[in-house]
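Everything below concerns the one structure shown next.
Note: hydrogens, waters and symmetry copies are ignored here, and every other heavy atom, side chains too, is used. A note on names: the letters A, B, ... follow the listed sequences, proteins ahead of strands, and every chain is numbered from 1.
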2 protein chains.
Amino acid sequence: MELDRAALCLKLLGDKTRLTMISILKHRDCCVCEFQEVFDMSQPSISQHLRKLKDAGIVTESRKGQWVYYSLNQQSDLFELIHDILKHAPDQTERMIQIEKSNATLRCGC
Amino acid sequence: MELDRAALCLKLLGDKTRLTMISILKHRDCCVCEFQEVFDMSQPSISQHLRKLKDAGIVTESRKGQWVYYSLNQQSDLFELIHDILKHAPDQTERMIQIEKSNATLRCGC
DNA sequence: TATTTATATAAGCAAATAGTTATATAGTAA
DNA sequence: TTACTATATAACTATTTGCTTATATAAATA
């Protein structure tokens, strides 16, 4: 692993929003509207964070109808590093419950 | 570990200079003038990076005469996280050889 | 078709960041 | 004391960052 690449990964995860996103994605895929349930910020802001993670190859996206689901990219060269980092981050059960309670995508039937 | 604290640590290591510093400090303590041998930047810039790492409790400093030596703080709550991260970063043998060749602190007799 | 919903992109802005040069401080040594 | 060396701090600047609002795109639906 190149130093530049490791540093990029750490910089991206060195933001509370993105670190939380990744911690959640470790357990379940999420679409943008689900993230909107747990982050107190605008939808474009959430999309922009996800874009950065996608550009770095840390997450992948897949469209299901009008929803776009984001997942941790297990094929990424950064996956193991991320996995090791997440061992030290607090779990996000609270936020995941919040997502599920919200039924943000119950509408989509997924 | 708080999310804020983990994010702070990742942000600090998400800089190539600081990540390299930490990778070196894993193997040997260094003073500022030794870091000057391997980073192509001004002395104040190096001091400022070390200050940020010190403020976060990631490194500690100890003065020996006119030299100030920096070490990884093994007592830090971030130490294990950092240790796990460094497993994924390239080793800095090259730079450490460069430091030793330079004899930056041979003068101090340490 | 037109409307609604989900998401992305563009443009702008304030705050943070990483570097610089100049200067201050601390220790050593003449 | 004075001069020198190592390091820290201050002040400044250009760039990057993370947000905002406004708008565009894409899919579903009436």
(Q) What is the distance, to the nearest angstrom, from the CG atom on B:Leu53 to the C1' atom on C:dA18? (A) 13 Å
Q: Return the value, rounded to whole Å, for the distance between atom NE2 of B:His49 and atom P of C:dG19.
A: 4 Å
Check nucleotides 9-11 of chain D against the protein and report each pair of N or O atoms closer than 3.5 Å, with its distance, or say if there are none.
| from | atom 1 | to | atom 2 | distance (Å) |
| --- | --- | --- | --- | --- |
| D:dT9 | OP2 | B:Arg51 | NE | 2.9 |
| D:dA10 | N6 | B:Gln48 | NE2 | 3.3 |

Q. So, B:Glu37 and B:Lys101, do they make that salt bridge, N to O below 4.0 Å?
A. no
Q | Cluster overlap A:Leu8 with B:Leu12, hydrophobic side-chain contacts below 4.5 Å | A | yes
Q.
So A:Gln36, base contact, sugar-phosphate only, or nothing? Heavy-atom distance under 4.0 Å.
A. nothing
Q) Rounded to whole angstroms, how far apart are CE on A:Met21 and C1' on C:dT7? A) 13 Å
Q: Nearest whole angstrom, please: distance from the C1' of D:dT16 to the CG of A:Asp15.
A: 13 Å
Q) Does the distance from a Lys or Arg side-chain N to an Asp or Glu carboxylate O, for A:Asp15 and B:Lys11, drop under 4.0 Å? A) no
(Q) How long is the straight-line distance from CG of A:Asn73 back to CD1 of A:Ile58, given to the nearest 0.5 Å? (A) 9.5 Å
(Q) Taking A:Met41's backbone N and O only, do any of them form a donor-acceptor pair with A:Ser45's side chain (distance below 3.5 Å, no angle check)? (A) no
(Q) Tell me whether B:Glu34 contacts the main-chain N or O of B:Cys31 through its side chain, where contact means a donor paired with an acceptor under 3.5 Å. (A) yes
Q: Please determine, for the side chain of A:Lys52, which listed nucleotide (D:dT7, D:dG18, C:dA6) has the closest atom?
A: D:dG18
Q. To the nearest Å, how far apart are A:Asp55 CG and D:dG18 P?
A. 13 Å
Q) Counting N and O atoms only, with roles assigned by atom type, does the side chain of B:Glu61 sit under 3.5 Å from a partner on the main chain of B:Val59, one being a donor and the other an acceptor? A) no
Q) Do the side-chain N or O atoms of A:Tyr70 get closer than 4.0 angstrom to the phosphate oxygens (OP1, OP2) of C:dA8? A) yes
Q: Look at B:Ser42 and C:dG19 and indicate whether a side-chain polar atom (N or O) is within less than 4.0 Å of OP1 or OP2.
A: no
**Q.** Between C:dT7 (P) and A:Glu37 (CD): distance, integer Å
**A.** 11 Å
Q | Rounded distance (Å) that lies between atom P of C:dT5 and atom CD of A:Glu34 | A | 18 Å
**Q.** Protein-nucleotide distance (A:Met41, atom CE; D:dC19, atom P), rounded to Å
**A.** 4 Å
Q. Phosphate oxygens OP1/OP2 of C:dA6: is one of them under 4.0 Å from a side-chain N or O of A:Arg63?
A. no
Q. Between B:Gly65 and A:Ile46, which has a closest nucleotide on DNA chain C that is more 5'?
A. A:Ile46
Q. Think B:Lys11 has a side-chain N or O under 4.0 angstrom from the OP1 or OP2 of C:dT17?
A. yes
Q.
Looking only at the side chain of A:Gln66 (C-beta and beyond, no hydrogens), which of the listed nucleotides D:dT7, C:dT20, C:dA6 gets closest?
A. C:dA6
**Q.** Residue A:Cys31, side-chain atoms from C-beta onward, closest of D:dA8, C:dT7, D:dC19
**A.** C:dT7
